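Treat the numbers as computed from the prediction; the structure is a model and nothing was measured.
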Amino acid sequence: MDKVTPKDVFAANRDRTAPLLARLKADGIGHLIDGKIVPSISGATFETKSPIDNAVLATVARGSPEDIDRAATAAAQAFKAWRDMPAAMRKKLLHRVADAIEDRADDIAVLECIDTGQAHRFMAKAAVRAAENFRFFADKCAEARDGLNMPDNEHWNISTRVPIGPVGVITPWNTPFMLSTWKIAPALAAGCTVVHKPAEWSPVTADLLAKLVKQAGVPDGVLNTVHGIGEEAGKALTEHRAIKAIAFVGETATGAAIMAQGAPSLKRVHFELGGKNPVIVFDDADLDRALDAVVFMIYSLNGERCTSSSRLLIQQNIADKFIERLTARVRALKVGHPLDPATEIGPLIHQRHLEKVCAYFDVARNDGAVIAVGGKPHDGPGGGHYVQPTLVTGAHAKMRVAQEEVFGPFLTVIPFRDENDAIEIANSVQYGLTGYVWTCDMGRALRVADALEAGMIWLNSENVRHLPTPFGGMKSSGIGRDGGDYSFDFYMETKHVSLAKGTHKIQRLGLEPGI
Ligand code: NAD
């Protein structure tokens with residue numbers, strides 16, 4: 001048999017995509033409310049375009065506060081039956097969702113590429129990871145209500161957990177399918193019903209997820225998806241009184257706005273926000289592996305990744321040599337069409353985001369840093385929002401390119417003297433999501449891990465996600481943790497129940513005649 005070449009895979013990806021896009025264009029994207037695909041009450045729509053060539057992919061229903069109200073009401077009505085469904089049944093349904101996702105994994109991968117510009121090599125597994133999210137939490141349905149046993153002399157005390165109620169899930173446009181399942185699966189496993197407001201720049205796979213959940217037999221109203229603009233549909237969701245909590249993934253400034261919007265209804269919030277994450281490379285590290293990880297963690301997923309290591313802190317005495325090797329690797333990165341399996345960097349999500357990323361080229365120059373590689377838009381296939389992978393050297397910790405989240409394939413290199421200097425620079429930003437440390441001195445690795453102000457730290461590794469572990473950030477990078485049992489802390493209320501053994505003395509009042 002002939003060997004399958006990257007060209008063949010590219011052609012096969014295009015062939016798979018064409019009928020899906022034709023269908024999408026013909027059908028458009030509606031909301032899923034109470035089990036039905038519906039237009040907005042007002043009839044308002046917006047267009048979603050591909051970042052590859054700005055082609056219109058679909059007309060999308062533009063949700064208003066009235067649509068959110070319909071969805072929140074449906075979620076509230078469906079809540080009791082979903083909460084009280086035996087855990088084994090909920091588990092079965094969530095496994096069915098995982099099956100449905102796996103069946104459509106190849107379609108989800110190509111649609112995600114076309115809608116977001118992410119390269120197929122990374123999106124090929126996105127649906128598989130999304131299905132894993134559903135399976136992992138499906139298996140935890142039964143233990144979600146577990147609590148503690150805390151006996152005292154006169155009372156038997158137990159705690160139990162109950163789902164908080166209908167919740168809102170608001171998600172961003174980077175890897176939207178995987179991220180949405182990461183929030184929705186634990187919420188459903190806990191027994192909550194959900195109103196999902198996906199990002200307006202990437203509605204395509206959220207629509208598919210809604211349909212797959214319905215197809216799997218999850219009852220009407222348990223998952224509702226309302227498309228629309230953040231300041232309209234998103235805001236209304238955060239303000240709705242039937243919605244008890246908001247799980248939000250997105251920018252730090254939006255998180256702050258959501259906290260204010262949700263305050264009058266005392267909304268519980270869970271925030272996964274921005275990052276300016278350091279990768280610290282010491283002179284005793286395995287430099288070959290460190291180099292691979294440094295390149296991967298900022299240039300994969302177009303650098304549109306909250307956990308990307310966008311600051312390289314490199315020990316001064318090895319900086320020149322390491323930067324020389326890094327420069328060669330960044331120059332060789334392949335920018336191209338997202339469906340081409342050879343592509344390492346695709347177009348950025350939107351013209352406005354391209355402009356934001358490109359504005360940092362001047363910021364770097366004006367700060368006095370050096371653009372060692374890149375620094376320009378890229379003329380890619382389709383003429384979309386391509387940008388050259390960019391490497392900035394000669395930076396110091398106070399520069400804007402060392403402080404602000406660019407959220408693109410843009411790496412800032414900062415040299416450091418010693419361990420204390422590295423820690424000080426690493427912690428000198430408002431963010432605290434992840435940190436990566438490369439050293440063969442295990443004592444130092446642990447000291448630095450202890451000192452870093454970040455919610456997640458990898459030692460001698462890139463980001464490798466393990467679902468039971470806590471995921472989340474410190475400082476301006478977030479509030480709360482996801483993953484394993486941590487997710488249930490957010491989607492559930494802990495309730496204390498105390499049972500008297502019947503032996504304790506109860507104070508007796510009102511025995512004497514009153515005045
Ligand atoms: P964004 O904050 O602009 O939008 C995210 C979502 O919030 C969208 O659905 C948007 O419509 C909605 N929204 C906007 N304004 C709103 C409002 N006032 N009320 C309610 N909803 C509103 O973020 P983005 O540009 O889509 O995504 C990129 C950001 O997400 C980056 O900062 C990145 O670091 C962050 N992110 C964080 C994580 C994490 O786990 N920490 C993961 C992925 C992305």
Side-chain angles (χ1 to χ4, degrees), residues 75-95 133-169 182-194 219 222 241-248 259 262-272 450 455-456 466-474 478-512:
Q77 279 165 359
F79 174 62
K80 280 201 179 110
W82 182 247
R83 177 194 66 187
D84 297 338
M85 178 184 278
M89 187 61 206
R90 246 197 338 264
K91 171 179 171 175
K92 204 165 159 186
L93 285 171
L94 297 186
H95 273 294
N133 288 339
F134 268 97
R135 290 207 193 288
F136 177 83
F137 284 106
D139 288 338
K140 290 183 89 64
C141 279
E143 70 195 63
R145 295 210 50 184
D146 285 357
L148 295 174
N149 175 16
M150 297 161 283
D152 193 12
N153 288 347
E154 310 285 2
H155 289 78
W156 204 281
N157 295 290
I158 55 165
S159 70
T160 181
R161 291 188 296 200
V162 291
I164 190 168
V167 298
V169 171
W182 176 231
K183 312 303 281 185
I184 292 170
L188 297 183
C192 296
T193 51
V194 173
V222 170
R241 292 203 172 256
I243 298 294
K244 301 300 172 202
I246 294 286
F248 169 74
M259 194 175 245
S265 56
L266 292 177
K267 224 45 114 230
R268 182 185 287 186
V269 292
H270 188 298
F271 288 163
E272 291 178 13
D450 209 30
M456 295 171 280
H466 181 51
L467 291 177
T469 59
F471 185 103
M474 295 183 182
I479 296 175
R481 294 294 177 270
D482 251 328
D485 200 62
Y486 298 95
S487 297
F488 293 145
D489 281 341
F490 176 69
Y491 293 112
M492 303 185 87
E493 294 278 19
T494 298
K495 194 191 274 187
H496 164 224
V497 180
S498 187
L499 175 67
K501 294 177 187 168
T503 50
H504 72 286
K505 193 167 167 214
I506 302 175
Q507 282 198 40
R508 306 186 74 207
L509 306 181
L511 293 178
E512 301 296 331

(request) Would you tell me whether H504 and N153 have side-chain atoms, one donor and one acceptor, within less than 3.5 Å of each other? (result)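 No, N153 and H504 have no side-chain donor paired with an acceptor closer than 3.5 Å.
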
(request) Would you tell me whether S265 and K267 have side-chain atoms, one donor and one acceptor, within less than 3.5 Å of each other? (result)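 Yes.
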
(request) Could you tell me which residues satisfy ring-ring contact (aromatic ring centres under 6.0 Å, His included) with H496, sequence neighbours excluded, listed by chain and number? (result)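 In terms of ring-ring contact (aromatic ring centres under 6.0 Å, His included), with neighbours along the sequence ignored, H496 is linked to no residue.
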
Shortest non-hydrogen contact between [X] and [Y], atoms and distance:
X	Y	result
V222	A78	N-CB, 4.0 Å
A245	F490	CB-CZ, 3.6 Å
D152	K501	O-NZ, 3.1 Å
V169	V194	CG2-CG1, 3.8 Å
A242	P166	O-CG, 3.5 Å
A144	M492	O-SD, 3.3 Å

Please check this pair: side chain of [X] against backbone of [Y], looking for a donor-acceptor N/O pair closer than 3.5 Å.
X	Y	answer
N157	M150	yes
R90	W82	yes
R481	G473	yes

(request) Start with the C-alpha distance between L188 and F134, add both sets of side-chain angles, then the distance that settles side-chain contact (heavy atoms from CB on, under 4.5 Å), and finish with yes or no. (result) CA-CA 9 Å; L188 297 183; F134 268 97; 4.3 Å; yes

Just verifying a value: how many Å separate [X] [atom1] and [Y] [atom2], rounded to the nearest 0.5 Å?
X	Y	atom1	atom2	value
L266	R241	CG	CZ	8.0 Å
H155	T503	NE2	OG1	8.0 Å
C141	H95	SG	NE2	8.0 Å
K505	E154	NZ	CD	11.5 Å
L499	W156	CG	CH2	9.5 Å
K91	R135	NZ	CZ	11.0 Å

(message) Run R145 and V162 through side-chain contact (heavy atoms from CB on, under 4.5 Å) and show every step you take.
(response) CA-CA 6 Å; R145 295 210 50 184; V162 291; 3.3 Å; yes

(request) Look at atom NZ of K495 and say whether more than 12 heavy atoms of other residues, nucleotides or ligands are closer to it than 6.0 Å. (result)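 Atom NZ in K495 is not packed in, count stays at 12 or less.
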
(request) Determine the interplanar angle of the W182 and F137 rings, folded into 0 to 90°, and report it as parallel if under 30°, tilted if 30 to 60°, perpendicular if over 60°. (result)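 Correct class here is tilted.
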
(message) Closer than 4.0 angstrom, basic N to acidic O: yes or no for K244 and E493?
(response)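 The answer is no: the pair does not qualify as a salt bridge.
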
(message) I'd like to know if D485 pairs up with K140 as an ion pair, taking the criterion as any Lys NZ or Arg NE/NH1/NH2 lying under 4.0 Å from an Asp or Glu carboxylate oxygen.
(response)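 Salt bridge: no.
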
(message) So, applying side-chain contact (heavy atoms from CB on, under 4.5 Å) with Y491, which one of R268, R161, K183 is it?
(response)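 So, applying the side-chain contact (heavy atoms from CB on, under 4.5 Å) to Y491 and each of R268, R161, K183, only K183 qualifies.
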
(message) Is any side-chain heavy atom of P468 closer than 4.5 Å to one of F136?
(response)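 Heavy-atom side-chain distance check passes, below 4.5 Å.
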
